[in-house]
There are 2 protein chains.
Amino acid sequence: MTATTLHDPAHREALWALESAFERGDLVTLFGDCTVEYDGRAASSLGPGARLLVLKPDGAALVHTDEGRTPVNWQPPGSEHRAAVRDGRLRVRSVRTSPAETLDVRFSDVEQLAAYGVTGGRGVDVVGSEADLKRRVLAEPETVEPGFEPLATERESEAGPIDVFGRDAEGRPLVVELKRRRVGPDAAGQLARYVAAIEREMPDGTDVRGVLVAPSITDRAADLLAEDGLDHVAAAPPDGSAAGKGDDGPSPTAPDDDDDGADRHS
Amino acid sequence: MTATTLHDPAHREALWALESAFERGDLVTLFGDCTVEYDGRAASSLGPGARLLVLKPDGAALVHTDEGRTPVNWQPPGSEHRAAVRDGRLRVRSVRTSPAETLDVRFSDVEQLAAYGVTGGRGVDVVGSEADLKRRVLAEPETVEPGFEPLATERESEAGPIDVFGRDAEGRPLVVELKRRRVGPDAAGQLARYVAAIEREMPDGTDVRGVLVAPSITDRAADLLAEDGLDHVAAAPPDGSAAGKGDDGPSPTAPDDDDDGADRHS
DNA sequence: GCCTTTATTTCGAGC
DNA sequence: GCTCGAAGTAAAGGC
């Protein structure tokens, strides 16, 4: 995690910084005097003024003034950011297609440009998250249920590799499917296929259980699990791994103690 | 317009900077590793992760990750920001009442803190904007209507000072009420009172006209004006004065030429 | 993929 | 103050 800052840069400097920030996939903020033009589903035009422009690596762009929760102009994720120097001004343009929309921000003066590297979190999130959840289940099998005993990971089956395979407190085979985030019916179906595959392996009449471990599931997925006699356990990867993207729904929060040494604002 | 930046500050330093930024009414951004707790209309909890926190002087707070148009957590305008150092972490808390809501952001590591002074624009916007519109009307009286002749500004009347008073092409008294942004029924009523006050001053039977000059008006206001035989002229303060807050609705934008020397992002 | 429903919706207008 | 409706709604869930 890094942050590089340019204070009062020349437009050329700002352009270079933007280019490399885009290259690295950084989160970028620009503050300065600018005009804003938007044309797409609607159209709008803002005269010169001090604003904060936030450019995200997923293509989202936000133009904020010092007031309001909602950006005065924006571009949704999936847009493409470009930067150029034109007519002595730094122009940042964010374009998307279907629908065709263009956001054009022209800085007469860039007060500050900051590029924040979020690369670390991104990579960990994508590749390491379900692995973290697996590690947690293996380290604390009671996460799945009391008495659960893991016997194998990535156990092969006709339906594919099973995340965690083991036995429950009563010795019954138990298939565990892990998902790092909220899941829908597809995950329920996947678990059902694994359970059915194991049942075919086992002597006739063997009761094979299935547990879906995920932070939360949709109603439809819960219905499907119930129909197939499968269970769901609400558990997420441990803190600090998949954290930060706010994937699962709101969770209750304990009220907090008072603060001290504080300072008011508005 | 100023921007002060702290790079990798100690929590104490960050706290001091926040305090003075709050004092000045600055727009503040913090980037770093933090947890986020929200409790109010709903409740949510985010584990450690890299995020951008935006604190506005009007009380709005936004927590952004590197993805999405919508903040992962926020607090609407009207909230109160406070900062403190607690348990070795910088805590920024934004609280509002009715409904009772609390947003709690705790930084284990502040990568960067920036305070943007928007004071200049703010003051100009608030105190200078209607004056700019008045200057425009005096410089170009045909903005109100062809043949309009301004005779006085802030002319006293029983109902209060009249923005611009003059005579129309046919010599009839004309009261002009100026508004820098879109107006509702209140402005129509105000104009009607001015017109009535002038009618009382004039010889019986004198026809006194009234014109409301504003970028746009609500339907209800238009109805009221029509009932009283008053007029509306769509005109806004010239560019660069009231600009920056995006007060009036979207206005058509001319399509723009292509860009060059550009660089892509996502 | 498109459609429907939800939201800490936000935001503005009318009453 | 509250209620009602629109939004460049955004985003998730279901089909």
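Below, read A as the first sequence line, B as the second, and so on, with proteins coming before strands; counting in each chain starts at 1.
- Take the nearest nucleotide of DNA chain C for A:P71 and for B:R41: the residue whose nucleotide is more 5' is B:R41.
- Considering only side-chain atoms of B:T218, the nucleotide from D:dG14, C:dA13, D:dA10 that sits closest is C:dA13.
- Of the candidate nucleotides C:dT8, D:dG8, D:dA11, D:dG8 has the atom nearest to the side chain of A:Y38.
- Taking atom P on both C:dC11 and D:dA11, the two are 15 Å apart, rounded to the nearest angstrom.
- In this structure, A:D228 contributes its side chain and A:A192 its backbone to no donor-acceptor pair below 3.5 Å.
- For B:D186 and C:dC15, the CG to P distance is 13 Å, given to the nearest whole Å.
- The phosphate of D:dA12 has neither OP1 nor OP2 within less than 4.0 Å of any side-chain N or O from A:R220.
- Taking atom C1' in both D:dA6 and D:dA10, one finds a spacing of 14 Å when rounded to whole Å.
- To the nearest angstrom, C1' of D:dG14 lies 12 Å from CG of A:L224.
- Distances shorter than 4.0 Å separate some side-chain N or O of B:W74 from OP1 or OP2 on C:dT10.
- Between B:R182 and C:dA13, a side-chain N or O to OP1/OP2 separation shorter than 4.0 Å is present.
- Contact check on A:D163 versus A:K134 returns no salt bridge, with no Lys/Arg side-chain nitrogen under 4.0 Å from an Asp/Glu carboxylate oxygen.
- No engagement by B:Q75 is indicated, since no non-hydrogen atom pair under 4.0 Å with the nucleic acid exists.
- As a whole-Å value, the separation of A:R69 CZ from C:dC11 P is 6 Å.
- In the set D:dA10, C:dC15, C:dC11, D:dA10 carries the atom at the smallest distance from any side-chain atom of A:P76.
- In terms of modelled atom types and a separation under 3.5 Å, the side chain of A:R51 and the main chain of A:C34 share a donor-acceptor contact.
- Residue B:L46 contributes atom CG, which lies 12 Å from atom P of C:dT8 at whole-angstrom precision.
- Between the C1' atoms of D:dA7 and C:dA7, the separation comes to 13 Å (whole Å).
- At a threshold of 4.0 angstrom between heavy atoms, the contacts of B:D219 are confined to the sugar-phosphate backbone, with no base atom among them.
- In this structure, A:K56 atom NZ and D:dA10 atom C1' are separated by 12 Å, rounded to whole Å.
- Spacing between atom CD of A:E101 and atom P of D:dA10 amounts to 8 Å, rounded to whole angstrom units.
- When each of D:dG8, C:dC11, D:dG14 is scored by its nearest atom to the side-chain atoms of B:P77, the top-ranked nucleotide is C:dC11.
- Straight-line distance from the CG atom of B:L62 to the C1' atom of D:dA10: 15 Å, rounded to whole Å.
- The 5' end of DNA chain C is approached more closely, in terms of each residue's nearest nucleotide, by B:N73 than by the other of A:T70 and B:N73.
- Remark: of the listed residues B:V164, B:D231, B:V211, B:V211 is the sole one forming a side chain to side chain contact (heavy atoms under 4.5 Å, CB included) with B:V144.
- Residue A:R96 is the one, among A:R96 and A:P185, whose nearest nucleotide of DNA chain D lies closer to the 5' end (criterion: closest heavy atom).
- Remark: C1' of D:dA12 and CD1 of A:I217 are 15 Å apart, rounded to the nearest angstrom.
- Around atom CG of B:D219, no more than 12 heavy atoms belonging to other residues, nucleotides or ligands sit under 6.0 Å away.
- Look at B:R41 and B:E101 and you find a salt bridge, because one of the NZ, NE, NH1 or NH2 atoms lies within 4.0 Å of a carboxylate O, short of that distance.
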